[in-house]
Amino acid sequence: MTIPTETHAIRFAQTGGPEVMRWEKVKLEAPKPGEITIENKACGLNFIDTYHRSGLYPLALPSGLGLEGCGIVRAVGDGVSALKVGDRVAYCAAPAGAYAEWRNYPADKAVKVPDAIDDKTAAAMMLQGMTTEYLIRRTYPVKAGDWVLFHAAAGGVGSIAVQWLKHLGATVIGTAGGAEKCAKAKALGADHVIDYRAEDWVKRVREITDGKGVHVVYDGVGKDTCIPSMDCLRPRGYLVTFGNASGPVPAIEPLTLSQKGSIFLTRPTLAAYTGTRAELELSAHAVMDVVAKGIVRIAVNHTYPLKDAAQAHRDLEGRKTTGSVVLLP
Ligand code: NDP
């Protein structure tokens, strides 16, 4: 196959709203040593892409956007031995630039995808699936019988987490915005769902747990939910704040953790849990295993042409999506 010397990608030169994203013609260089050239078949949309675009997580500009994709290896640079031309791979780490028809990428951050998993599923499952993996198996290792509160349970990470938590034997309380999203979370297996836009959700969690509180709260919503979530925990419970969908969480005094019952607070990132090749493979293979076995179904509920990524960002930030969103080159 002929490899093009030019391709199209979404790029941005200044931070801001979705309007800063541009569909541009860009040069495709030969892969450098250690790199592969990938023809992307599908790209995953993640909330972190909006933080890069807005500047909450700064990137050097101008920059490509997007961390996640699935595609075919079309060329390999010097020193790449683990992958070959024709392999189907998925990836979800820096450098940003996944929103592209073709791209070069470090070979040691890509993993092969089994035939049983299609391109869209693979593009959607890596970042949100590996995040779920490290949150529920390695940040606070959830055990059968644990009570878990998971915010935004109908979202990308949330939809995967609810299914995986049920498989681990936890009792899951999921929050979501509106009746339709609550119904989705329930259908995924959540034992209890709370519409946190309409109900006093802290009170409801205390009622559902007979006043005891949950063992762990996973909170990707951030500003609106993190602090009140402390009141949903039992003594020595874990508050895992892992995202900023509603904005960054304000400062928390260590003394507050003591007053709330000697609770634990952590603010993890996927990069810190998949920093070595061994950890990346451990996490990716665990995700592929639960997906291939049908334990977790990746709900790709929305697809957009890649060039319309700005609209996908508007819909994600406007809370209009459920499950995972995939962009198609
Ligand atoms: P989601 O598909 O879950 O979308 C975010 C959801 O958050 C929305 O659908 C919405 O659900 C809810 N939400 C609540 N308040 C707001 C608000 N003010 N604006 C927008 N959304 C809001 O996204 P992802 O699955 O991609 O990511 C979920 C979270 O996990 C994000 O915060 C992300 O940054 C974080 N994350 C963190 C990682 C890490 O390693 N630390 C890795 C991956 C993701 P509803 O309408 O039901 O409230």
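Counting starts at 1 for both ligands and their atoms, following the listed order. The structure presented is a predicted model; accordingly, all values stated were derived computationally and were not measured.
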- Query: With only distance considered, is F242 within less than 3.5 Å of ligand 1 through an N or O on each side?
  - Reply: yes

- Close N or O approach (A245, ligand 1; < 3.5 Å): yes

Which of the ligand 1 atoms, numbered from 1, are nearer than 4.0 Å to a heavy atom of [X]:
{"X": "F47", "value": "4 (O), 5 (C), 20 (C), 23 (O), 26 (O), 27 (O), 31 (C), 33 (C), 34 (O)"}
{"X": "V221", "value": "14 (C), 15 (N)"}
{"X": "N244", "value": "32 (O)"}
{"X": "A176", "value": "47 (O)"}
{"X": "Y51", "value": "31 (C), 32 (O), 33 (C), 34 (O)"}

- Worked verdict on N40 versus Y99 for side-chain hydrogen bond (donor to acceptor under 3.5 Å, both in side chains): CA-CA 9 Å; N40 274 331; Y99 293 3; over 6 Å; no

Any idea which protein heavy atom is nearest [atom], and the distance to it?
{"atom": "atom 48 (O) of ligand 1", "result": "Y196 OH, 2.5 Å"}
{"atom": "atom 42 (C) of ligand 1", "result": "T131 OG1, 3.1 Å"}
{"atom": "atom 21 (N) of ligand 1", "result": "R319 CG, 3.4 Å"}
{"atom": "atom 32 (O) of ligand 1", "result": "G220 O, 2.6 Å"}
{"atom": "atom 47 (O) of ligand 1", "result": "G177 N, 2.8 Å"}
{"atom": "atom 6 (C) of ligand 1", "result": "A152 CB, 4.0 Å"}
{"atom": "atom 46 (O) of ligand 1", "result": "K181 NZ, 2.7 Å"}

- Message: Could you check whether any heavy atom of P268 sits closer than 4.0 Å to an atom of ligand 1, since that is the contact criterion I want to use?
- Response: yes

For ligand 1, which part of [X] has a heavy atom less than 4.0 Å away: the side chain, the backbone, both, or neither?
{"X": "V157", "result": "both"}
{"X": "R267", "result": "side chain"}
{"X": "E317", "result": "backbone"}

- Under a 4.5 Å side-chain heavy-atom rule over Ile, Leu, Val, Met, Phe, Trp and Tyr, are V326 and W23 clustered together? yes

- Around atom CD of E253, are there more than 12 heavy atoms of other residues, nucleotides or ligands at under 6.0 Å? no

- Test: K27 and E29 ion pair at under 4.0 Å: no

Cut-off 3.5 Å, no hydrogens considered: what does the side-chain donor-acceptor table look like for residues 105-114, sequence neighbours left out?
unit_1 : atom_1 : unit_2 : atom_2 : d
Y105   : OH     : A93    : N      : 3.2
Y105   : OH     : A93    : O      : 3.1
K109   : NZ     : A94    : O      : 2.9

